[in-house]
Amino acid sequence: MYPITYEADPVLEGRNRLTTFFRGIVAIPWQIVQSLYGLVATIAVLITWFAIVFTGRYPDGLYDFNAGFLRMSTRVNSFYYLLTDGWPPFGGEEAPNYPIRVGVAPPLDKYSRMKTFFRIIVGIPVYLLAIVQGLILAVCAIIAWFAILFTGKLPEGLFNPMRSATAYLTRASAYFMLMTEDWPPFSLEEGETAPAGQIPTESASREVQ
């Protein structure tokens, strides 16, 4: 199983037309926090890059911080793109009862210095696919906006590609945040992983599948 998982509960009926209509406005407070959080996370990733290149290890504190940003930003993006009507938490803590969940496995015992050093280059295919997935998500979200306003429902035919696109974008973000070394899979592969910060002895040295 890929070390970053994405789950979205399919709430298709009884969608809130009012908050859907004003989604671009009501999401602003979360997006402001996301931007500030992301600024610090960017600095944390830069520090991590040097740490892995020189030591081969991902500092635990930075890993937990970046995992928190990944969870928070994914929930905000899922809310903004109409995958859920639930107000997302402002922080990056685990939220098992929230309809959008991101599973983050513990860090590896050792990371490849070479893969980290050339991440921007070897990650070009991931970046290009992320652009495609982002376009799919945006187009589906626009159609979903009209569908919810007129019917109060989110068609499953829109929800599934939106969920898959968001799952890929979440994993791509984790890849460029150096949290994993393998390219994100195309399949959704939903499921739970141990939250960051809880590092079982038997899992700490596992290899990415």
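The chain is numbered in sequence order, starting from 1.
Between the side chains of Ser78 and Tyr6, at least one donor-acceptor pair of N or O atoms lies under 3.5 Å.
Across all non-hydrogen atoms, the minimal contact from Ile100 to Ala8 is CD1-CB, 3.6 Å. Nearest heavy atoms, Ser173 versus Leu70: CB-CD1, 3.8 Å. Shown here for Leu12 and Glu156, the closest heavy-atom pair between the two residues is CD1-CB, 3.9 Å. For the residue pair Leu178 and Val45, the shortest heavy atom distance occurs at CD1-O, 4.0 Å. When all heavy atoms of Thr5 and Arg171 are compared, the closest pair comes out as CA-NH2, 4.1 Å. Minimum interatomic distance between Gly86 and Tyr98 (heavy atoms only, all atoms of both residues): O-OH, 2.5 Å.
Aromatic ring orientation, Tyr58 versus Tyr111: tilted (interplanar angle from 30° to 60°).
Inter-residue side-chain proximity for Pro107 and Asp60 is flagged as met; some heavy-atom pair is nearer than 4.5 Å. Inter-residue side-chain proximity for Pro89 and Arg75 is flagged as met; some heavy-atom pair is nearer than 4.5 Å. Counting only heavy atoms from C-beta outward, the side chains of Asn77 and Leu169 never approach each other to under 4.5 Å. Side-chain contact between Gln31 and Val76: present, with at least one pair of heavy atoms (C-beta onward) separated by less than 4.5 Å.
Once rounded to the nearest 0.5 Å, the distance linking CD1 of Ile52 with CD1 of Ile47 reads 12.5 Å. Here CG of Leu83 is found 4.5 Å from OG1 of Thr166. Values are rounded to the nearest 0.5 Å. A distance of 15.0 Å separates CD1 in Ile121 from OH in Tyr127, rounded to the nearest 0.5 Å. Summarising the geometry, atom CG belonging to Leu137 is positioned 10.0 Å from atom CD1 belonging to Ile142; distances are rounded to the nearest 0.5 Å.
The local environment of CD in Glu93 is crowded, with over 12 non-hydrogen atoms from other residues, nucleotides or ligands closer than 6.0 Å.
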_Does Lys153 form a side chain to side chain contact (heavy atoms under 4.5 Å, CB included) with Ile148? I'd like the steps, not just the answer._
CA-CA 5 Å; Lys153 301 177 182 179; Ile148 294 173; over 6 Å; no
_side chain to side chain contact (heavy atoms under 4.5 Å, CB included) for Ile28 and Ile32? Distances and angles first, verdict last._
CA-CA 6 Å; Ile28 290 176; Ile32 292 175; 3.9 Å; yes
*Passes ring-ring contact (aromatic ring centres under 6.0 Å, His included), Phe21 versus Phe146? Steps please.*
CA-CA 9 Å; Phe21 185 81; Phe146 284 102; 9.8 Å; no
*Does the side chain to side chain contact (heavy atoms under 4.5 Å, CB included) test come out yes or no for Phe69 and Thr74, once each step is laid out?*
CA-CA 8 Å; Phe69 171 71; Thr74 299; over 6 Å; no
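Transitive grouping of hydrophobic side chains (ILVMFWY, heavy atoms separated by less than 4.5 Å) keeps Trp145 and Ile136 in distinct clusters. Neither Leu82 nor Val11 shares a network with the other; the hydrophobic side chains, linked directly or stepwise wherever heavy atoms of I, L, V, M, F, W or Y lie under 4.5 Å apart, form separate groups for each. There is a path of hydrophobic side-chain contacts, each under 4.5 Å, that joins Val122 to Met114. There is no path of hydrophobic side-chain contacts, each under 4.5 Å, that joins Leu46 to Ile120. Hydrophobic clustering (side-chain heavy atoms under 4.5 Å, transitive across Ile, Leu, Val, Met, Phe, Trp, Tyr) groups Phe54 together with Leu108.
With Arg71 contributing its side chain and Arg101 its backbone, the two residues share no donor-acceptor pair below 3.5 Å. Remark: the backbone N or O of Asp182 is paired with a side-chain donor or acceptor of Tyr2 at under 3.5 angstrom. When atom types are taken as modelled, the side chain of Glu181 and the backbone of Ser112 share a donor-acceptor pair closer than 3.5 angstrom. With hydrogens and angles disregarded, a donor-acceptor distance shorter than 3.5 Å links the side chain of Asp85 to the backbone of Asn16. Lys110 contributes a side-chain N or O that, together with a main-chain N or O of Thr55, makes up a donor-acceptor pair within less than 3.5 Å. Not a single donor-acceptor pair under 3.5 Å links the side chain of Trp30 to the backbone N or O of Met72. With hydrogens and angles disregarded, no donor-acceptor distance shorter than 3.5 Å links the side chain of Arg15 to the backbone of Leu149.
Under a cutoff of 6.0 Å and an axis angle of 45°, Arg23 and Phe79 form a cation-pi pair. Geometrically, Arg119 engages Tyr175 in a cation-pi contact, judged by NZ or CZ lying under 6.0 Å from the ring centre and within 45° of the ring axis.
In this structure, the ring of Phe117 has its center less than 6.0 angstrom from the ring center of Trp49.
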